[in-house]
Amino acid sequence: MDENISGRAVTVAQLLAAAEVFDLLSAPTRLHLVWSLAAGEQDVTTLAERTGVSIPAASQHLAKLKAAGIVTPRREGRRQLYRVTDQRTLAVVDGMLSSISPHGFPAP
């Protein structure tokens with residue numbers, strides 16, 4: 001185990017799991033999907049339009065996010081609605097995006 005300046009210990013297993021989540025969110029489309037879902041449940045068609053990808057591409061990205069436990073689907077009639085289930089990941093995404101200016105540079 002290793003400790004940071006706050007004295008909090010972290011295990012190798014925690015580091016590996018965190019790296020997997022960061023790797024998953026390193027794809028701009030998946031990051032955009034999570035950010036879009038922060039506003040609430042949405043279907044695949046709406047998410048595809050918002051992120052500028054095809055419905056099959058959005059579905060593939062959502063499947064990866066679902067497998068990681070970040071989003072959860074819910075069927076409503078013929079529609080599949082998705083929502084963010086891991087609020088901690090959403091907090092990390094929010095923190096990261098709030099530290100970057102709209103132009104893509106670190107915010108002052």
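Note that this is a predicted model, so its numbers are computed, not measured.
Connection of Val53 to Val93 is not established within any shared hydrophobic cluster, with ILVMFWY side chains joined at heavy-atom distances below 4.5 Å, either directly or through further cluster members. Leu31 and Val92 are members of different hydrophobic clusters when ILVMFWY side chains are connected at heavy-atom separations under 4.5 Å. Cluster annotation: Leu24 and Leu15 are assigned to distinct hydrophobic clusters (Ile/Leu/Val/Met/Phe/Trp/Tyr, side-chain heavy-atom contacts under 4.5 Å, transitive).
Other cluster members for Phe105: none, since no ILVMFWY side-chain heavy atom sits under 4.5 Å from it. Hydrophobic cluster membership of Ile100, counting Ile, Leu, Val, Met, Phe, Trp and Tyr whose side-chain heavy atoms lie under 4.5 Å apart directly or via other members: Met96.
Residue Leu47 holds its CG atom at 5.5 Å from CG of Leu33, rounded to the nearest 0.5 Å. Distance CG/Leu62 to OG1/Thr72: 11.0 Å, rounded to 0.5 Å. For the atom pair Leu37 CG and Thr46 OG1, the distance stands at 10.0 Å (nearest 0.5 Å). The line from NZ of Lys66 to OG of Ser59 is 11.0 Å long, rounded to the nearest 0.5 Å.
The two residues Leu90 and Ala38 make their nearest non-hydrogen contact at CD1-CB, 3.6 Å. Smallest separation of non-hydrogen atoms from Gln14 and Ala9: OE1-O, 4.1 Å. Nearest heavy-atom pair across Gly69 and Thr85 is O-OG1, 3.0 Å.
Pairs of residues two or more places apart, or lying in two chains, that qualify as side-chain hydrogen bond (donor to acceptor under 3.5 Å, both in side chains) and include a residue from residues 20-32 are Arg30-His61. A salt bridge (Lys or Arg N to Asp or Glu O under 4.0 Å) check over residues 31-42, counting only residues at least two apart or in different chains, returns the pairs Glu41-Arg74.
A salt bridge (Lys or Arg N to Asp or Glu O under 4.0 Å) with Asp43 holds for exactly one of Arg75, Arg50, Arg79; it is Arg79.
Shown here are the side-chain contact (heavy atoms from CB on, under 4.5 Å) partners of Glu49, two or more places apart in sequence or in another chain: Thr45. In this view, Val21 and Leu25, Ile70, Thr89 satisfy the side-chain contact (heavy atoms from CB on, under 4.5 Å) rule, not counting sequence neighbours.
Looking only at distances, no side-chain donor or acceptor of Glu76 sits under 3.5 Å from a matching main-chain atom of Leu81.
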